[in-house]
Amino acid sequence: MTYYTPPVDRLWWTRRRSYFVFVLREFTSVGVAWSALLLVYAAKGNEIPVWLVPINLIALAACVFHAITFLSLAPKATVVRLDGWRVPDYMIVGGNYGLWLFASLVLAWVVL
Amino acid sequence: MTTKAKRRTPEPYLWLLFSGGGVIAALVLPVLVLIFGVLAPLGIGDPAFPSWTRWILLIVVFLCLAHAAHRIRFTLAETLRLPHRLLAPVAYGLALAGTVVAVIALV
Amino acid sequence: MTVLEVSRYRPGIDAEPVFQRYEVPDNDDWAVLDGLNYVKDSVDGTLSFRWSCRMGICGSCGMTVNGEPRLTCGTFLADYDGVVRVEPLHGFPVIRDLVVDIEPFLEKLSSVSPWLIRSGEDPASEFAQTPAQLEAYKQYSMCINCMLCYSACPVYVLDPDFLGPAAIALAQRYNLDSRDEGDRFDVLSTDEGVWGCTFVGECTSACPKHVDPAEAIQRYKLTAAVRSVLPWVRL
(Lines give C-alpha, C1' and ligand atoms only; values in the text may rest on other atoms or scores of the structure.)
Protein backbone atom coordinates (compact mmCIF):
# COMPACT_ATOMS: atom_id res chain seq x y z
CA MET A 1 0.00 0.00 0.00
CA THR A 2 1.33 3.43 -0.89
CA TYR A 3 -0.09 6.18 1.25
CA TYR A 4 -0.08 9.70 -0.09
CA THR A 5 1.79 12.06 2.21
CA PRO A 6 1.07 15.70 1.37
CA PRO A 7 4.14 17.97 1.16
CA VAL A 8 4.78 20.38 4.01
CA ASP A 9 3.20 23.75 3.26
CA ARG A 10 5.89 26.35 4.02
CA LEU A 11 3.38 29.19 3.86
CA TRP A 12 0.90 27.54 6.24
CA TRP A 13 0.80 30.66 8.41
CA THR A 14 -0.68 32.71 5.56
CA ARG A 15 -3.48 30.24 4.85
CA ARG A 16 -5.78 31.19 7.68
CA ARG A 17 -6.49 34.44 9.44
CA SER A 18 -6.09 32.80 12.84
CA TYR A 19 -2.67 31.38 11.91
CA PHE A 20 -1.55 34.82 10.72
CA VAL A 21 -2.73 36.48 13.93
CA PHE A 22 -0.84 33.80 15.85
CA VAL A 23 2.43 34.55 14.04
CA LEU A 24 1.81 38.27 14.52
CA ARG A 25 1.27 37.63 18.24
CA GLU A 26 4.54 35.72 18.46
CA PHE A 27 6.49 38.43 16.62
CA THR A 28 5.37 41.05 19.16
CA SER A 29 8.36 39.65 21.03
CA VAL A 30 10.65 41.57 18.66
CA GLY A 31 8.99 44.75 19.94
CA VAL A 32 9.41 43.48 23.52
CA ALA A 33 13.15 42.93 23.02
CA TRP A 34 13.54 46.34 21.36
CA SER A 35 11.67 48.02 24.21
CA ALA A 36 13.79 46.33 26.87
CA LEU A 37 17.02 47.55 25.24
CA LEU A 38 15.50 51.00 24.75
CA LEU A 39 14.84 51.25 28.48
CA VAL A 40 18.46 50.34 29.24
CA TYR A 41 19.57 53.09 26.86
CA ALA A 42 17.24 55.57 28.56
CA ALA A 43 18.20 54.46 32.06
CA LYS A 44 21.84 55.18 31.21
CA GLY A 45 20.75 58.80 30.98
CA ASN A 46 20.75 59.06 27.19
CA GLU A 47 18.25 61.20 25.32
CA ILE A 48 16.24 59.16 22.85
CA PRO A 49 16.36 60.94 19.48
CA VAL A 50 13.12 62.04 17.84
CA TRP A 51 13.74 59.99 14.70
CA LEU A 52 13.31 56.81 16.79
CA VAL A 53 9.74 57.78 17.70
CA PRO A 54 8.11 55.98 14.72
CA ILE A 55 10.00 52.78 15.56
CA ASN A 56 9.08 53.17 19.21
CA LEU A 57 5.44 53.62 18.26
CA ILE A 58 5.57 50.27 16.45
CA ALA A 59 7.27 48.74 19.50
CA LEU A 60 4.60 50.28 21.72
CA ALA A 61 1.86 48.76 19.56
CA ALA A 62 3.61 45.40 19.75
CA CYS A 63 3.90 45.65 23.55
CA VAL A 64 0.23 46.56 23.91
CA PHE A 65 -0.81 43.70 21.60
CA HIS A 66 1.43 41.40 23.61
CA ALA A 67 -0.05 42.59 26.90
CA ILE A 68 -3.64 42.13 25.72
CA THR A 69 -3.07 38.64 24.29
CA PHE A 70 -0.74 37.40 27.03
CA LEU A 71 -2.92 38.55 29.91
CA SER A 72 -6.10 37.24 28.33
CA LEU A 73 -4.61 33.81 27.57
CA ALA A 74 -3.08 33.41 31.04
CA PRO A 75 -6.23 31.82 32.61
CA LYS A 76 -5.75 28.84 30.28
CA ALA A 77 -2.66 27.82 32.24
CA THR A 78 -3.83 28.98 35.64
CA VAL A 79 -7.13 27.32 36.35
CA VAL A 80 -8.16 28.41 39.83
CA ARG A 81 -10.54 26.23 41.80
CA LEU A 82 -11.96 27.36 45.11
CA ASP A 83 -13.62 24.51 46.93
CA GLY A 84 -14.48 22.85 43.62
CA TRP A 85 -15.85 26.06 42.07
CA ARG A 86 -13.87 27.14 39.04
CA VAL A 87 -13.15 30.84 38.99
CA PRO A 88 -14.47 31.97 35.58
CA ASP A 89 -11.92 33.10 32.99
CA TYR A 90 -13.32 36.62 32.76
CA MET A 91 -12.59 37.24 36.44
CA ILE A 92 -8.97 36.16 36.05
CA VAL A 93 -8.58 38.21 32.87
CA GLY A 94 -10.25 41.17 34.57
CA GLY A 95 -7.88 40.80 37.51
CA ASN A 96 -4.91 40.73 35.13
CA TYR A 97 -6.05 43.87 33.35
CA GLY A 98 -6.62 45.56 36.70
CA LEU A 99 -3.09 44.64 37.72
CA TRP A 100 -1.79 46.00 34.40
CA LEU A 101 -3.52 49.35 35.00
CA PHE A 102 -2.28 49.51 38.59
CA ALA A 103 1.32 48.67 37.58
CA SER A 104 1.20 51.29 34.81
CA LEU A 105 0.05 54.01 37.22
CA VAL A 106 2.70 53.09 39.82
CA LEU A 107 5.46 53.05 37.19
CA ALA A 108 4.37 56.39 35.75
CA TRP A 109 4.44 57.82 39.25
CA VAL A 110 7.94 56.41 39.90
CA VAL A 111 9.63 57.64 36.71
CA LEU A 112 7.88 60.97 36.22
CA MET B 1 5.53 3.18 24.23
CA THR B 2 4.83 3.37 27.98
CA THR B 3 8.49 2.70 28.74
CA LYS B 4 9.78 5.78 26.96
CA ALA B 5 13.30 6.54 28.09
CA LYS B 6 13.43 9.36 30.60
CA ARG B 7 14.97 12.34 28.86
CA ARG B 8 16.05 15.51 30.56
CA THR B 9 14.79 18.54 28.73
CA PRO B 10 15.58 22.19 29.45
CA GLU B 11 12.19 23.24 28.09
CA PRO B 12 10.34 23.58 31.43
CA TYR B 13 12.94 26.07 32.69
CA LEU B 14 12.97 27.99 29.41
CA TRP B 15 9.17 28.06 29.47
CA LEU B 16 9.15 29.48 33.00
CA LEU B 17 11.50 32.26 31.88
CA PHE B 18 9.29 32.84 28.82
CA SER B 19 6.14 33.01 30.93
CA GLY B 20 7.66 35.16 33.65
CA GLY B 21 9.06 37.48 31.02
CA GLY B 22 5.71 37.58 29.26
CA VAL B 23 3.89 38.68 32.40
CA ILE B 24 6.53 41.28 33.29
CA ALA B 25 6.65 42.61 29.72
CA ALA B 26 2.86 42.91 29.64
CA LEU B 27 2.68 44.75 32.95
CA VAL B 28 5.59 47.19 32.64
CA LEU B 29 6.60 47.73 29.01
CA PRO B 30 3.61 49.55 27.46
CA VAL B 31 3.62 52.43 29.94
CA LEU B 32 7.42 52.74 30.02
CA VAL B 33 7.82 52.67 26.23
CA LEU B 34 5.07 55.28 25.96
CA ILE B 35 6.78 57.55 28.50
CA PHE B 36 10.45 57.05 27.55
CA GLY B 37 10.24 56.09 23.89
CA VAL B 38 7.45 58.30 22.57
CA LEU B 39 6.50 61.16 24.92
CA ALA B 40 9.96 62.13 26.21
CA PRO B 41 11.57 62.47 22.74
CA LEU B 42 8.62 64.65 21.75
CA GLY B 43 9.39 66.90 24.72
CA ILE B 44 6.51 65.74 26.91
CA GLY B 45 7.68 65.07 30.46
CA ASP B 46 11.18 64.50 31.76
CA PRO B 47 11.24 60.91 32.98
CA ALA B 48 14.16 59.24 34.73
CA PHE B 49 14.72 55.94 36.51
CA PRO B 50 15.54 56.55 40.19
CA SER B 51 18.82 54.85 41.05
CA TRP B 52 17.14 52.29 43.34
CA THR B 53 15.25 50.87 40.35
CA ARG B 54 18.40 49.81 38.46
CA TRP B 55 18.55 46.25 39.76
CA ILE B 56 14.84 45.77 39.19
CA LEU B 57 15.26 47.13 35.67
CA LEU B 58 18.06 44.63 34.98
CA ILE B 59 15.85 41.72 36.07
CA VAL B 60 13.04 43.08 33.90
CA VAL B 61 15.37 43.39 30.91
CA PHE B 62 16.71 39.86 31.38
CA LEU B 63 13.21 38.37 31.59
CA CYS B 64 11.94 40.36 28.60
CA LEU B 65 14.89 39.26 26.46
CA ALA B 66 14.48 35.63 27.55
CA HIS B 67 10.79 35.86 26.68
CA ALA B 68 11.55 37.32 23.25
CA ALA B 69 14.30 34.77 22.54
CA HIS B 70 11.93 31.87 23.31
CA ARG B 71 9.14 33.17 21.11
CA ILE B 72 11.40 34.14 18.22
CA ARG B 73 13.07 30.73 18.40
CA PHE B 74 9.80 28.82 18.10
CA THR B 75 8.28 31.16 15.52
CA LEU B 76 11.31 30.92 13.24
CA ALA B 77 11.31 27.15 13.67
CA GLU B 78 7.66 27.03 12.59
CA THR B 79 7.70 29.57 9.76
CA LEU B 80 11.18 29.25 8.23
CA ARG B 81 11.54 25.58 9.26
CA LEU B 82 14.96 26.20 10.84
CA PRO B 83 16.19 23.55 13.30
CA HIS B 84 15.95 24.21 17.05
CA ARG B 85 19.54 23.02 17.43
CA LEU B 86 20.61 26.09 15.49
CA LEU B 87 17.98 28.56 16.71
CA ALA B 88 18.11 27.85 20.45
CA PRO B 89 21.80 28.68 21.04
CA VAL B 90 21.57 31.82 18.88
CA ALA B 91 18.33 33.09 20.43
CA TYR B 92 19.18 32.47 24.09
CA GLY B 93 22.80 33.49 23.44
CA LEU B 94 21.66 36.88 22.15
CA ALA B 95 19.32 37.30 25.13
CA LEU B 96 22.20 36.59 27.48
CA ALA B 97 24.50 38.94 25.56
CA GLY B 98 21.88 41.69 25.76
CA THR B 99 21.58 41.19 29.49
CA VAL B 100 25.36 41.36 29.93
CA VAL B 101 25.45 44.60 27.94
CA ALA B 102 22.68 45.97 30.15
CA VAL B 103 24.58 45.02 33.31
CA ILE B 104 27.77 46.66 32.02
CA ALA B 105 25.83 49.78 31.00
CA LEU B 106 23.95 50.23 34.25
CA VAL B 107 26.20 48.93 37.02
CA MET C 1 -28.29 20.84 -7.13
CA THR C 2 -25.19 21.27 -5.01
CA VAL C 3 -21.77 20.48 -6.45
CA LEU C 4 -19.42 18.47 -4.26
CA GLU C 5 -15.78 18.69 -5.26
CA VAL C 6 -14.28 15.61 -3.72
CA SER C 7 -10.60 14.73 -3.36
CA ARG C 8 -9.90 11.30 -4.89
CA TYR C 9 -6.76 9.31 -4.31
CA ARG C 10 -6.58 5.76 -5.66
CA PRO C 11 -3.31 4.15 -4.57
CA GLY C 12 -1.47 2.61 -7.49
CA ILE C 13 -3.49 4.69 -9.97
CA ASP C 14 -3.10 8.32 -8.86
CA ALA C 15 0.33 9.75 -8.03
CA GLU C 16 -1.39 12.44 -5.99
CA PRO C 17 -5.00 13.31 -5.16
CA VAL C 18 -7.23 14.73 -7.90
CA PHE C 19 -10.58 16.46 -7.53
CA GLN C 20 -13.75 14.97 -8.90
CA ARG C 21 -17.07 16.81 -9.05
CA TYR C 22 -20.41 15.26 -8.20
CA GLU C 23 -23.87 16.80 -8.27
CA VAL C 24 -26.09 16.04 -5.31
CA PRO C 25 -29.73 17.07 -4.87
CA ASP C 26 -30.53 20.01 -2.59
CA ASN C 27 -31.98 19.00 0.73
CA ASP C 28 -32.15 21.47 3.60
CA ASP C 29 -31.41 18.79 6.16
CA TRP C 30 -28.51 17.14 4.37
CA ALA C 31 -25.13 17.17 5.97
CA VAL C 32 -21.97 16.86 3.87
CA LEU C 33 -21.91 13.20 4.89
CA ASP C 34 -25.40 12.69 3.43
CA GLY C 35 -24.12 14.15 0.17
CA LEU C 36 -21.18 11.75 0.17
CA ASN C 37 -23.45 8.80 0.92
CA TYR C 38 -25.71 9.85 -1.96
CA VAL C 39 -22.68 9.81 -4.26
CA LYS C 40 -21.57 6.44 -2.92
CA ASP C 41 -25.06 4.87 -3.26
CA SER C 42 -26.25 6.42 -6.52
CA VAL C 43 -23.39 7.91 -8.53
CA ASP C 44 -19.98 6.39 -7.85
CA GLY C 45 -19.64 3.35 -5.62
CA THR C 46 -15.86 3.53 -5.66
CA LEU C 47 -15.71 6.64 -3.44
CA SER C 48 -14.20 5.74 -0.04
CA PHE C 49 -14.74 7.52 3.27
CA ARG C 50 -15.19 6.64 6.95
CA TRP C 51 -18.42 7.20 8.79
CA SER C 52 -20.58 5.48 11.34
CA CYS C 53 -23.01 7.13 13.72
CA ARG C 54 -24.19 10.24 11.79
CA MET C 55 -24.73 12.04 15.09
CA GLY C 56 -21.39 13.49 16.12
CA ILE C 57 -20.34 10.90 18.67
CA CYS C 58 -18.31 8.23 16.87
CA GLY C 59 -15.68 10.66 15.59
CA SER C 60 -14.99 8.83 12.34
CA CYS C 61 -16.30 11.23 9.68
CA GLY C 62 -13.82 14.07 10.17
CA MET C 63 -12.79 15.65 6.84
CA THR C 64 -11.66 18.98 5.50
CA VAL C 65 -14.67 20.93 4.22
CA ASN C 66 -13.80 24.10 2.31
CA GLY C 67 -10.44 24.16 4.06
CA GLU C 68 -11.74 23.68 7.60
CA PRO C 69 -11.55 20.48 9.66
CA ARG C 70 -15.15 19.42 10.30
CA LEU C 71 -17.27 16.47 11.30
CA THR C 72 -19.11 15.94 8.01
CA CYS C 73 -22.20 14.62 9.80
CA GLY C 74 -22.64 17.95 11.58
CA THR C 75 -21.75 20.25 8.69
CA PHE C 76 -24.72 21.11 6.52
CA LEU C 77 -24.68 21.64 2.78
CA ALA C 78 -27.28 24.39 3.06
CA ASP C 79 -24.75 26.49 5.00
CA TYR C 80 -22.49 26.75 1.96
CA ASP C 81 -22.88 28.69 -1.27
CA GLY C 82 -21.47 27.28 -4.46
CA VAL C 83 -19.10 24.35 -4.72
CA VAL C 84 -18.39 22.45 -1.50
CA ARG C 85 -14.87 21.09 -1.47
CA VAL C 86 -14.32 17.91 0.54
CA GLU C 87 -10.77 16.71 1.25
CA PRO C 88 -9.30 14.23 3.71
CA LEU C 89 -8.18 15.65 7.07
CA HIS C 90 -5.06 17.73 6.48
CA GLY C 91 -1.87 16.59 8.13
CA PHE C 92 -2.43 12.85 7.80
CA PRO C 93 -1.19 10.35 5.20
CA VAL C 94 -4.04 9.48 2.82
CA ILE C 95 -4.84 5.80 2.39
CA ARG C 96 -7.54 6.27 -0.22
CA ASP C 97 -9.88 9.13 -1.22
CA LEU C 98 -11.07 10.63 2.08
CA VAL C 99 -9.65 7.90 4.32
CA VAL C 100 -6.56 8.84 6.34
CA ASP C 101 -4.10 6.76 8.34
CA ILE C 102 -5.08 6.86 12.03
CA GLU C 103 -2.49 4.37 13.33
CA PRO C 104 0.07 6.98 14.52
CA PHE C 105 -2.73 8.79 16.35
CA LEU C 106 -3.89 5.61 18.08
CA GLU C 107 -0.30 4.94 19.19
CA LYS C 108 -0.13 8.43 20.66
CA LEU C 109 -3.37 7.89 22.54
CA SER C 110 -2.16 4.67 24.10
CA SER C 111 1.25 6.19 24.93
CA VAL C 112 -0.34 8.44 27.59
CA SER C 113 -1.88 5.45 29.44
CA PRO C 114 -5.45 6.68 29.10
CA TRP C 115 -6.98 4.66 31.88
CA LEU C 116 -7.24 4.85 35.68
CA ILE C 117 -3.90 3.76 37.10
CA ARG C 118 -4.26 2.29 40.56
CA SER C 119 -1.69 0.66 42.77
CA GLY C 120 -2.56 -2.36 44.83
CA GLU C 121 -5.51 -4.75 44.81
CA ASP C 122 -8.53 -4.48 42.56
CA PRO C 123 -11.17 -2.57 44.45
CA ALA C 124 -14.01 -4.57 45.93
CA SER C 125 -16.34 -1.59 45.72
CA GLU C 126 -16.70 1.45 43.49
CA PHE C 127 -14.81 4.69 44.11
CA ALA C 128 -17.36 7.36 44.81
CA GLN C 129 -16.71 10.85 43.44
CA THR C 130 -18.27 14.13 44.43
CA PRO C 131 -19.79 16.29 41.67
CA ALA C 132 -16.84 18.67 42.10
CA GLN C 133 -14.33 15.85 41.57
CA LEU C 134 -16.19 14.82 38.43
CA GLU C 135 -16.31 18.42 37.21
CA ALA C 136 -12.50 18.66 37.51
CA TYR C 137 -11.93 16.43 34.48
CA LYS C 138 -15.35 15.97 32.84
CA GLN C 139 -14.74 18.47 30.05
CA TYR C 140 -11.66 16.53 28.88
CA SER C 141 -13.58 13.25 28.88
CA MET C 142 -15.88 14.49 26.10
CA CYS C 143 -13.23 13.84 23.41
CA ILE C 144 -14.42 11.52 20.63
CA ASN C 145 -10.97 11.03 19.02
CA CYS C 146 -12.07 12.61 15.74
CA MET C 147 -8.59 14.12 15.15
CA LEU C 148 -9.96 17.49 13.99
CA CYS C 149 -7.68 19.16 16.56
CA TYR C 150 -4.61 17.52 15.01
CA SER C 151 -5.63 18.65 11.58
CA ALA C 152 -6.07 22.23 12.83
CA CYS C 153 -2.73 22.25 14.68
CA PRO C 154 0.18 23.63 12.62
CA VAL C 155 2.70 22.23 15.11
CA TYR C 156 1.40 18.72 14.48
CA VAL C 157 1.16 19.16 10.72
CA LEU C 158 4.79 20.37 10.62
CA ASP C 159 6.05 17.72 13.04
CA PRO C 160 4.04 14.48 13.07
CA ASP C 161 5.97 13.33 16.15
CA PHE C 162 4.20 15.99 18.26
CA LEU C 163 2.07 14.17 20.83
CA GLY C 164 -0.73 16.58 19.98
CA PRO C 165 -3.90 18.10 21.45
CA ALA C 166 -6.23 15.13 21.95
CA ALA C 167 -3.64 12.81 23.49
CA ILE C 168 -2.55 15.48 25.99
CA ALA C 169 -6.15 16.42 26.80
CA LEU C 170 -6.88 12.74 27.37
CA ALA C 171 -3.84 12.45 29.65
CA GLN C 172 -5.20 15.40 31.62
CA ARG C 173 -8.60 13.73 31.79
CA TYR C 174 -6.92 11.03 33.90
CA ASN C 175 -4.37 13.25 35.66
CA LEU C 176 -7.20 15.35 37.07
CA ASP C 177 -9.31 12.34 38.09
CA SER C 178 -9.34 11.91 41.87
CA ARG C 179 -9.25 8.12 41.47
CA ASP C 180 -6.11 8.09 39.35
CA GLU C 181 -2.73 7.43 40.93
CA GLY C 182 -0.69 7.37 37.74
CA ASP C 183 2.13 9.63 36.68
CA ARG C 184 2.37 10.68 33.03
CA PHE C 185 5.15 13.22 33.49
CA ASP C 186 7.78 11.29 31.52
CA VAL C 187 5.54 11.10 28.45
CA LEU C 188 4.05 14.60 28.67
CA SER C 189 7.03 16.74 29.75
CA THR C 190 9.06 16.12 26.59
CA ASP C 191 10.04 18.12 23.53
CA GLU C 192 7.42 16.19 21.54
CA GLY C 193 4.94 16.46 24.40
CA VAL C 194 3.59 19.67 25.93
CA TRP C 195 6.83 21.58 25.23
CA GLY C 196 6.26 21.29 21.49
CA CYS C 197 3.04 23.33 21.76
CA THR C 198 3.24 27.06 20.99
CA PHE C 199 -0.39 27.74 21.88
CA VAL C 200 -1.81 28.55 18.48
CA GLY C 201 -5.19 27.67 20.01
CA GLU C 202 -6.74 26.28 16.83
CA CYS C 203 -7.25 22.83 18.38
CA THR C 204 -9.80 24.37 20.71
CA SER C 205 -11.53 26.25 17.88
CA ALA C 206 -11.76 23.05 15.82
CA CYS C 207 -13.06 20.79 18.61
CA PRO C 208 -16.70 19.82 17.98
CA LYS C 209 -17.04 18.69 21.61
CA HIS C 210 -15.69 21.82 23.37
CA VAL C 211 -12.91 19.86 25.06
CA ASP C 212 -10.46 22.81 24.96
CA PRO C 213 -7.24 20.84 24.42
CA ALA C 214 -5.24 24.11 24.32
CA GLU C 215 -6.20 24.71 27.92
CA ALA C 216 -5.30 21.15 28.89
CA ILE C 217 -1.83 21.60 27.40
CA GLN C 218 -1.15 25.01 29.00
CA ARG C 219 -2.27 23.66 32.38
CA TYR C 220 0.09 20.73 32.12
CA LYS C 221 2.92 23.04 31.07
CA LEU C 222 2.48 24.87 34.35
CA THR C 223 2.20 21.60 36.28
CA ALA C 224 5.33 20.16 34.64
CA ALA C 225 7.33 23.39 34.94
CA VAL C 226 6.57 23.78 38.64
CA ARG C 227 7.42 20.14 39.20
CA SER C 228 10.70 20.51 37.30
CA VAL C 229 11.76 23.33 39.62
CA LEU C 230 10.20 22.00 42.82
CA PRO C 231 10.14 18.20 42.36
CA TRP C 232 8.19 17.59 45.56
CA VAL C 233 5.28 19.83 44.54
CA ARG C 234 2.28 18.25 42.83
CA LEU C 235 -0.18 20.74 41.36
Side-chain angles (χ1 to χ4, degrees), chain A residues 1-33 62-97 99, chain C residues 7-17 67-68 87-97 99-101 103 130-136 139 152-155 157-160 172 176 194 198-202 204-206 212-223 225-226 235:
Chain A
M1 284 283 266
T2 44
Y3 294 174
Y4 171 74
T5 308
V8 171
D9 182 1
R10 285 180 167 271
L11 292 176
W12 62 268
W13 50 278
T14 61
R15 305 291 184 216
R16 260 200 233 179
R17 212 183 99 88
S18 54
Y19 290 165
F20 188 74
V21 172
F22 158 73
V23 169
L24 217 57
R25 184 191 86 194
E26 300 299 293
F27 273 124
T28 59
S29 52
V30 178
V32 166
C63 287
V64 170
F65 188 49
H66 161 77
I68 293 169
T69 51
F70 207 87
L71 296 177
S72 65
L73 289 176
K76 291 289 179 191
T78 51
V79 171
V80 182
R81 279 178 189 280
L82 299 174
D83 201 20
W85 176 74
R86 180 172 171 171
V87 178
D89 283 5
Y90 71 84
M91 284 195 188
I92 297 176
V93 175
N96 285 347
Y97 285 167
L99 193 64
Chain C
S7 173
R8 302 292 313 264
Y9 172 70
R10 288 147 296 199
I13 300 170
D14 302 317
E16 54 177 36
E68 301 285 330
E87 298 165 89
L89 274 184
H90 286 164
F92 294 90
V94 182
I95 297 177
R96 183 187 175 90
D97 296 341
V99 181
V100 296
D101 182 16
E103 285 304 322
T130 64
Q133 288 171 327
L134 170 66
E135 205 54 42
Q139 176 197 6
C153 171
V155 178
V157 173
L158 293 168
D159 175 17
Q172 280 290 64
L176 298 172
V194 291
T198 46
F199 203 173
V200 183
E202 282 300 279
T204 293
S205 311
D212 204 347
E215 178 189 275
I217 299 173
Q218 308 323 306
R219 285 180 75 177
Y220 198 79
K221 280 182 189 170
L222 187 62
T223 302
V226 168
L235 278 184

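Each chain gets a letter, A, B and so on, in the order its sequence line appears, and its residues count up from 1.
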Examine whether an atom of [X] lies under 4.5 Å from a heavy atom of chain A, and if so say whether it belongs to the side chain, the backbone or both; otherwise answer neither.
X: C:Ala216; result: neither
X: C:Asp212; result: side chain
X: C:Ser205; result: neither
X: C:Leu222; result: side chain
X: C:Glu202; result: side chain

| query | Highest number of heavy-atom pairs under 4.5 Å with chain C: which of A:Thr5, A:Val21, A:Asp9, A:Leu73? | reply | A:Leu73
Among [options], who wins on heavy-atom pairs under 4.5 Å with chain A?
options: C:Ala136, C:Ala132, C:Gly12; result: C:Ala136
options: C:Pro88, C:Pro154, C:Ala214; result: C:Pro154
options: C:Glu68, C:Gln133, C:Arg96, C:Glu135; result: C:Glu68

Do the side chains of [Y] and [X] get nearer than 4.5 Å, heavy atoms only?
X: A:Phe70; Y: A:Asn96; value: no
X: C:Tyr9; Y: C:Ile95; value: no
X: C:Gln139; Y: A:Arg86; value: yes

| request: Count the heavy atoms belonging to other residues, nucleotides or ligands that lie under 6.0 Å from CZ of A:Arg15, then report whether that count exceeds 12. | output: yes
| query | So, C:Asp14 side chain and C:Arg10 main chain: donor-acceptor pair closer than 3.5 Å or not? | reply | yes
| request: State the CD-CZ distance between C:Glu215 and C:Phe199, to the nearest 0.5 angstrom. | output: 8.5 Å
| query | How many angstroms lie between NE2 in C:His90 and CH2 in A:Trp12, if you round to the nearest 0.5 Å? | reply | 15.0 Å
